[in-house]
Protein chains: 2
Amino acid sequence: MAAEQQGTNRMEREVELLWGLDQPEPRRGPKPKLSREAVVAAAVALADAEGLEAVSMQRVAKELGYTTMSLYRYVDSKEDMLVLMSDAGMDAEPPAPRGDGDWRAGVEEWVRGAVDLYRRHPWSVHLPLSGPPSGPNGLRWMEAGLRELTHSGLDAGSALRMLMMLSAALRDTLRIELEMERAARAGGETMADTERGYGRGLRRVVTEEAFPTIDLLLRSDVFGELAPEEYGGAGGPADDIDFAIRRLLDGVEVYVERQRAAGRSAGKGE
Amino acid sequence: MAAEQQGTNRMEREVELLWGLDQPEPRRGPKPKLSREAVVAAAVALADAEGLEAVSMQRVAKELGYTTMSLYRYVDSKEDMLVLMSDAGMDAEPPAPRGDGDWRAGVEEWVRGAVDLYRRHPWSVHLPLSGPPSGPNGLRWMEAGLRELTHSGLDAGSALRMLMMLSAALRDTLRIELEMERAARAGGETMADTERGYGRGLRRVVTEEAFPTIDLLLRSDVFGELAPEEYGGAGGPADDIDFAIRRLLDGVEVYVERQRAAGRSAGKGE
DNA sequence: TAGATCTGTGTATTACTTACACAGTAACGT
DNA sequence: ACGTTACTGTGTAAGTAATACACAGATCTA
């Protein structure tokens, strides 16, 4: 820890942390019995099993069979540990490049992969993180997403902007969905129950005058108060995301076509 | 507090909380000197001034000139207080309906309004919240967004899905941006510094073989390592969001046209 | 083998949420 | 008017958390 790095900048320091560039290997003293990876792995396992709020330094240490303070030999602070967890949680290979040129399918595959990742580590959407991906895993996923998006004909800069929006939308959508699932489970309800409860709650405060469109939604039973018990099928959250993403990809398509039609001379203006 | 409500459901209880439906007015005893609104307002003011991490029950109480425990007469838990803050923070009227039928301008106006809201209360993106809007302010914004989106010709259900994606994307994008701004300020850097630091950090770990597209981005100086000091102009975050949103709206447009062309008989399938 | 360096531990500090009992106050029923 | 009841804000204490600091012992270097 506390290396001789001159990483002036916060982002630069984060890169160093995530790539282990700040760990000078010790030349003397006892062999370390733990490692940064072991600590982070234990934290990830704990978060997987009991959620992010179970992850305290004391608890992680106990899980490893060491004292609380021993962790601080491997990690400067809990905050750093969380940063490391964020990259460690992206522990799956992003989809490989496709043979055909179907970039839309490529992007959708990427999205499915990302959703799987979040579902595997639901705590990761709650990390108090603050920046674009910097770690090895994060950059791998970023690279894969950019690759698919540029195949649409988008220039790299625009692809980056679309990917940022897409990731943001995914992450926050899943945050809400996963949190609702957890709350439902905790209360012994099904997700359909929860959704119905939302509808029932809204009905008590939504009037046609004040909220005409929401009122319309309630009348058309969008929140499934009258729906059967099954959940996750058509109309489930996965479908919701898919629909919105398809519109986004439509938009990319017409943009690229329009650019191409304009003889790619007009620059990047709308 | 602890009303006689039978709100079985978590979402239902949240609606009750946010609309004050759970507060039976006391018939005896001393007049309450505080109120739920006062507590929440103090918490919001504190968060505005010093960030969400400064908001502890002790600190809010001190700000009000009361003891910590007095707050619990007005709020069941800190978690409830945060939920109340989330709605209280949306303290601006959403844009009014436009005269002309320009739904795209309407949506973009809505987005600008939402961004202003987040900028005014930067802490709100860090609230550990978990669900669609339920409070008076949240529903007002939701209604306004749905109104604009349905003007595109989208049915209410699809408009809801698009709005969810849009809000999610906005929220998470701003979360990252605001957090980077804060970190930059805290470290005495400018945002341009931070962005440059990101680029510099990436350069240390990104190879053309492993990350060809990211490498391309670095070569084209997307992260402004060579750029002048000004920030927030063209290429700034606001522009990034705008670009992505315009693609999204393009997508909505072609979808609506396609539906219309299909004689609106084929239902909601792609 | 002496000295420098590193590890894991124990202890203490500070801050946080919240349960609980209590003293005082205002309205209600008689 | 007056006791009863319901409610207020307070004080105290329990339990958990992050982490600074000093130390005993281990291991390498000279």
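Naming: A, B, ... by sequence-line order, numbering from 1 per chain.
Atom CD in B:Glu16 sits 10.5 Å away from atom CG in B:Leu18 (nearest 0.5 Å).
A sub-4.0 Å separation between OP1 or OP2 of C:dA27 and a side-chain N or O of B:Lys31 is present. Dashed line: the shortest gap from a side-chain N or O of A:Tyr66 to OP1 or OP2 of C:dG8 is not under 4.0 Å. Taking side-chain N and O atoms only, B:Ser70 has no distance below 4.0 Å to OP1 or OP2 of D:dG9. Within the 4.0 Å cut-off from OP1 or OP2 of C:dG8, at least one side-chain nitrogen or oxygen of A:Tyr74 is found.
The C1' atoms of five pairs define one axis at each end of the helix from C:dT1-D:dA30 to C:dT30-D:dA1, and these two axes lie 0° apart (to 10°).
Between the side chain of A:Asp172 and the backbone N or O of B:Ala169 there is no donor-acceptor pair closer than 3.5 Å. Between the B:Trp110 side chain and the B:Trp141 main chain, a donor and an acceptor come within less than 3.5 Å of each other. A donor-acceptor contact shorter than 3.5 Å links the side chain of B:Asn137 to the backbone of B:Asp87. Proximity of a side-chain donor or acceptor of B:Glu143 to a complementary backbone N or O of A:Ile214 within less than 3.5 Å is detected. When atom types are taken as modelled, the side chain of A:Arg59 and the backbone of A:Ala54 share no donor-acceptor pair closer than 3.5 angstrom. Listed for the B:Arg36 side chain is a donor-acceptor partner under 3.5 Å among the backbone atoms of B:Tyr74. Under a 3.5 Å cut-off, the side chain of B:Tyr66 and the backbone N or O of B:Val60 do not form any donor-acceptor pair.
B:Glu25 places its CD atom 17 Å from the P atom of D:dA6, with the value rounded to the nearest Å. Rounded to an integer number of Å, the gap from CZ of B:Arg27 to P of D:dT4 is 23 Å. Taking atom CZ of B:Arg73 as the reference point, atom P of C:dA26 lies 16 Å away to the nearest angstrom. When the C1' atom of D:dA17 is taken as reference, atom CE of A:Met81 falls 12 Å away, rounded to whole Å. The CE-P distance, from A:Met69 to D:dA20, rounds to 7 Å in whole Å. A:Leu82 places its CG atom 12 Å from the C1' atom of D:dA18, with the value rounded to the nearest Å.
In B:Met164, the CE atom is not crowded: 12 or fewer heavy atoms of neighbouring residues, nucleotides or ligands sit closer than 6.0 Å.
Considering only side-chain atoms of B:Pro30, the nucleotide from C:dG8, C:dG24, C:dC22 that sits closest is C:dG24. Residue A:Thr68 has its side chain nearest to D:dT19 when only C:dT25, C:dT18, D:dT19 are considered.
For the segment residues 51-64 of chain B, residues with any heavy atom less than 4.0 angstrom from an atom of DNA chain C are, sorted by number, B:Ser56, B:Met57, B:Gln58.
A residue-by-residue look at B:Gly29 and B:Lys78 shows that B:Lys78 has its nearest nucleotide of DNA chain C further toward the 5' end. Nearest-nucleotide positions on DNA chain C for B:Glu79 and A:Leu71 put A:Leu71 closer to the 5' end.
Contact of A:Arg28 with D:dT27 (side chain to base): no donor-acceptor pair of N or O atoms is detected under 3.5 Å.
Counting non-hydrogen atoms under 4.0 angstrom, B:Ser77 reaches the backbone sugars and phosphates but no base.
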### Task
For salt bridge (Lys or Arg N to Asp or Glu O under 4.0 Å), just list the numbers for B:Glu93 and B:Arg140, CA-CA rounded to whole Å, side-chain angles, deciding distance to a tenth of an Å, and then say yes or no.
CA-CA 8 Å; B:Glu93 283 303 311; B:Arg140 248 195 299 278; 3.7 Å; yes
